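Below is one structure; the comments refer to it alone.
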Amino acid sequence: MLSTLASHPCTNRPSLPFPLRLSPPPFVPLSRHRLPLHSCHSCHASPSSLPNSSASLSLSQSNSKPHPPPPPPTTLKIAIIGFGNFGQFLAKYFSQQGHTILAHSRTDYSSIANSLDNTIFFKDPHDLCESHPDVVLLCTSILSAEKVLRSIPIQRLRRSTLFVDVLSVKEFPRSIFLERLPPDFDIICTHPMFGPESGKYGWNGLPFVYEKVRIGDSHERVSRCEAFLNIFKKEGCRMIDMSCKEHDEIAAESQFLTHTVGRVLAEMRLKPNPDDSMGYDTLFQLIENTCSDSFELYYGLFMYNKNSTDLLDRIYAAYEEVKKDLRRMVQGILRRRLFGTTGVGELEDPAARCEAFLESFNKEMVDLDENATGVHFVALTIGMILAKLGLKPTSIATKGYETLLKLVEDISSESFDLYIALFMHIKNSNELLDQLDISLAKVRTELYGRLHDILRRQLFDQPGIISNGRTRM
Ligand code: NAP
């Protein structure tokens, strides 16, 4: 009895030596066998968080004056499950705000955790859960999320733990949380709509989308939820309370499109101009932002957006149309030169107007930098494709999507005549169009190749593993 008491998590939990930098092994975990499967109710934030407990009844009966609610916690103990690129990025900000980070991942990131303040890495998720974090933040890839969630020994957590995810798609984590977590656990689904690249100079003004899926009504639970959201408020994020369903309707397509354009452009290996007078630095930022994210993330956006295959087809079709428009116009100009006027009035004949523009363009632009005009031409081509797709502004745009919208805007202010003029002016413009074709095909093949691979593995290596229509990794 005595030994059981001595090892009780409330009485004998080793305190973490923060803010010291820790070297592994960080601390001796409690024996998991001595802990009850459902941790003791006295570990919970307060008796009032247990709506039916006798403790809460007797407290409210014996005190005539109600106690003022305790202030919300200023620091939290946050477990980050999935300590890759994004998990580490979040941990830096959390720890700078004084929160304690308990990290766990498939890979051993002990040394990275040691380099951060208030951060400790747990190789064993049982040890992490026995440290009773206030918040468990799921930060794994979209494709591994369900498997990772199933592997967390939630029976070792406090019964009222808050679960949060940061996956770039939202309905999927919401449904696996509701399906897998006991009803006592609180749930917030979030999407910080920025990453290590786009948020490297701070989070001020960047969108943070969240849905409070399930928060118990006790004061402690409400204030813990607020304390967590406050982390992002304090950094200046634009806080957007939005349902997961609405998020996916608005953002799934725009995110997948942004990443596709970034990856296709990266495949083309365009060179940025040191002296970028045309303002295409954002285009190169888009390439950097999307390609510094893992292919896994991109693939997750592909898998969990039901319109992604259709969108890929539409991009192809839009590109074919742009090329057709271009060739039709070039042929029109040539025919005019060969056969004279078409009989249509000069002003109504687009080929005549375009030819006149070409002449003045060629006089003015003789010494344009070849690389810069190439980038301009590719940017206009992408803008033409996006305009044909009917891109629309959304209330939750990432910086990348804003760049795409800007390209479409440029198209509407710059005439098609300029596009033709650039096409004619640049020696290798046909080559650039071919490169764009090849890059699009390469990205599409990579996506479908991966899809084929996963399905084959599931069908032939582990038949019967596909359940609920979900693809498991
Ligand atoms: P990611 O490639 O989507 O995820 C990498 C993380 O998933 C790593 O922690 C990795 O663990 C883990 N992981 C991958 N496959 C796994 C498996 N089979 N089993 C167990 N763990 C696995 O890249 P990320 O950028 O770090 O993104 C993490 C999450 O944040 C994603 O859900 C993403 O949608 C979301 N998010 C990312 C951004 C961004 O800009 N990067 C922005 C908002 C939201 P190991 O490293 O230990 O292998």
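All residue numbers in this chain count up from 1 along the given sequence. Predicted model, so just to flag it, every value in this text is computed and none were measured. In what follows, every heavy atom counts, from backbone to side chain, and hydrogens, waters and symmetry copies are set aside. Order of appearance sets the numbers: ligands from 1, and atoms from 1 within every ligand.
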Numbered atoms of ligand 1 (with element) below 4.0 Å of Ser105, judged on heavy atoms
9 (O), 11 (O), 45 (P), 46 (O), 47 (O)

Under a heavy-atom criterion of less than 4.0 Å, does Phe295 contact ligand 1?
no

Strictly under 4.0 Å, does any heavy atom of Phe194 approach an atom of ligand 1?
yes

Quick check for you: to the nearest 0.5 Å, what is the distance between Leu451 atom CG and Leu447 atom CG?
8.5 Å

For the residue pair Tyr298 and Phe295, categorise the inter-ring angle as parallel (less than 30°), tilted (30 to 60°) or perpendicular (more than 60°).
perpendicular

Please verify the inter-ring angle class for Phe208 with Phe232; under 30° counts as parallel, over 60° as perpendicular, anything in between as tilted.
parallel

Measure the acute angle between the ring planes of Tyr109 and Phe83, then classify it against the limits of 30° and 60° as parallel, tilted or perpendicular.
perpendicular

Any atoms of ligand 1 less than 4.0 Å from a non-hydrogen atom of His191? List them with their elements.
43 (C), 44 (C)

Applying a strict 4.0 Å limit to heavy atoms, is Ser198 in contact with ligand 1?
no

Which atoms from ligand 1 have a heavy atom of Asp293 less than 4.0 Å away?
39 (C), 40 (O), 41 (N)

Distance, nearest 0.5 Å, that separates CD1 of Ile101 from CG of Leu116
8.5 Å

Ligand 1 to Pro192, heavy atom cutoff 4.0 Å, flagged ligand atoms 42 (C), 43 (C)

Checking heavy-atom distances from atom 29 (C) of ligand 1 to each of Leu167, Ile81, Thr140, the winner is Thr140

Would you say Phe86 has any N or O atom under 3.5 Å from an N or O of ligand 1, going by distance alone?
yes

Who's closest to atom 44 (C) of ligand 1 heavy-atom-wise, of Val166, Val169, Asn85?
Val166

State the atoms of ligand 1, each with its element, that fall below the 4.0 Å cut-off from a heavy-atom position in Ile142.
32 (O), 34 (O)

Find all atoms of ligand 1 within a distance of less than 4.0 Å from any non-hydrogen atom belonging to Ser294, and give their numbers and elements.
1 (P), 2 (O), 3 (O), 23 (O)

Is it the side chain, the backbone, both or neither of Phe83 that has a heavy atom closer than 4.0 Å to ligand 1?
backbone

Distance in Å, Ile120 CD1 paired with Ser110 OG, rounded so as to fall on 0.5 Å steps
9.5 Å

For ligand 1, indicate whether the residue Lys147 contacts it via side chain, backbone, both or neither (heavy-atom separation under 4.0 Å).
side chain

What about Tyr316 and Tyr319, are their ring centers closer than 6.0 Å?
no

Heavy atom to atom 48 (O) of ligand 1, shortest distance: which of Met193, Arg106, His259 holds it?
Arg106

Report, in ascending order of atom number, the atoms of ligand 1 lying under 4.0 Å from any heavy atom of Gly82.
9 (O)

Phe284 vs Tyr280, test: ring-ring contact (aromatic ring centres under 6.0 Å, His included). Steps then yes/no.
CA-CA 7 Å; Phe284 287 97; Tyr280 285 119; 8.2 Å; no

Sub-4.0 Å atoms of ligand 1 with respect to non-hydrogen atoms of Ser144:
13 (N), 14 (C), 15 (N), 16 (C), 17 (C), 18 (N), 19 (N), 21 (N), 22 (C)

May I ask you to check if ligand 1 and Val148 share an N or O to N or O distance below 3.5 Å?
no

More than 12 heavy atoms of other residues, nucleotides or ligands under 6.0 Å from NZ of Lys271: yes or no?
no

Where does the angle between the aromatic ring planes of Phe177 and Phe163 fall among parallel (under 30°), tilted (30 to 60°) and perpendicular (over 60°)?
perpendicular

Please tell me whether Tyr419 and Phe377 form a close aromatic pair, meaning their ring centres lie under 6.0 Å apart.
yes

